[in-house]
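Here's the structure we're looking at; comments come further down.
Model, not experiment: these values are computed from the prediction.
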Amino acid sequence: QVQLQESGPGLVKPSQKLSLTCTVSGGLITLKYYYWSWIRQPPGKGLEWMGAIDYSGSTYYSPSLKSRTSISRDTSKNQFTLQLSSVTPEDTAVYYCARGMPRTATLRRADFDSWGQGTQVTVSS
C-alpha cells in the first residue's frame, strides 16, 4: 500500500517561507492517473485543500492560496513539496499530504485514498 510521510520545520517565523516535503513509498508519484495533494487543518477548524500535483507534473491550487502556494516534485526521490510564502500566524495548522483530489468544493476525507500522518507547523515569532 502507498504510504506518505510529511517532513519539514515545525516552527516558522512570520513573513518567511514554509517548505514541507511529502515522501511517498509503495507507489510512484508518476503513476497514472493519480493526484497528490496538500491539505491543512488549523486548530479548531476543518480541513482545507491547498493544492495538488498530478502524475504528469501539472499543478492545481486553491484560489484562496494560489498567490502564495507552489507545489513541485522530485521524481527521482518520489517526493513532492509544498512551499507557502509570506506566512502569518493564521497559517498555523497540521499539514497533510494525501493521494487524491476533492470531488466537490467541500473537501471529504474519502476523496483521498491515502494520507500522511500530518505534521504540526506553528507560525510564531
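Residues F112 and P102 form a side-chain contact, since some pair of their non-hydrogen atoms from C-beta on lies under 4.5 Å apart. Here the side chains of C22 and T81 are not in contact, with every heavy-atom distance at 4.5 Å or above. Residues V121 and T92 are not in side-chain contact: their nearest non-hydrogen atoms beyond the backbone lie 4.5 Å or more apart. Residues M101 and W49 are in side-chain contact: their nearest non-hydrogen atoms beyond the backbone lie under 4.5 Å apart. A 4.5 Å side-chain heavy-atom check between D91 and R68 finds at least one atom pair inside the cut-off. Residues L28 and N78 have side chains in contact (heavy-atom distance under 4.5 Å, counting atoms from C-beta outward).
For Y60 and Y35, the ring centers are positioned less than 6.0 Å apart.
Note: Y34 and W36 have tilted aromatic rings, judged against thresholds of 30 and 60 degrees for the angle between ring planes.
Counting non-hydrogen atoms of other residues, nucleotides and ligands closer than 6.0 Å to CD of Q5 gives a total of 12 or fewer.
Side chain to side chain, T23 and Q79 meet the donor-acceptor criterion of an N or O pair below 3.5 Å. Looking at S64 and S62, their side chains do bring a donor and an acceptor atom within 3.5 Å of each other.
Residue pairs that meet the salt bridge (charged side-chain N to carboxylate O under 4.0 Å, His left out) test with at least one member in residues 74-85, sequence neighbours left out, do not exist here. Applying the salt bridge (charged side-chain N to carboxylate O under 4.0 Å, His left out) test to residues at least two apart or on different chains, none of the pairs has a partner in residues 25-35. Applying the side-chain hydrogen bond (donor to acceptor under 3.5 Å, both in side chains) test to residues at least two apart or on different chains, the pairs with a partner in residues 6-18 are K17-Q83.
Both L31 and V24 sit in one connected hydrophobic cluster of ILVMFWY residues. Membership requires side-chain heavy atoms under 4.5 Å apart, directly or through other members.
With a 6.0 Å cutoff to the six-membered ring centre and a 45° limit on the axis angle, R73 does not count as a cation-pi contact of F80.
Checking side-chain atoms of D54 against main-chain N and O of T59 turns up no donor-acceptor pair under 3.5 Å.
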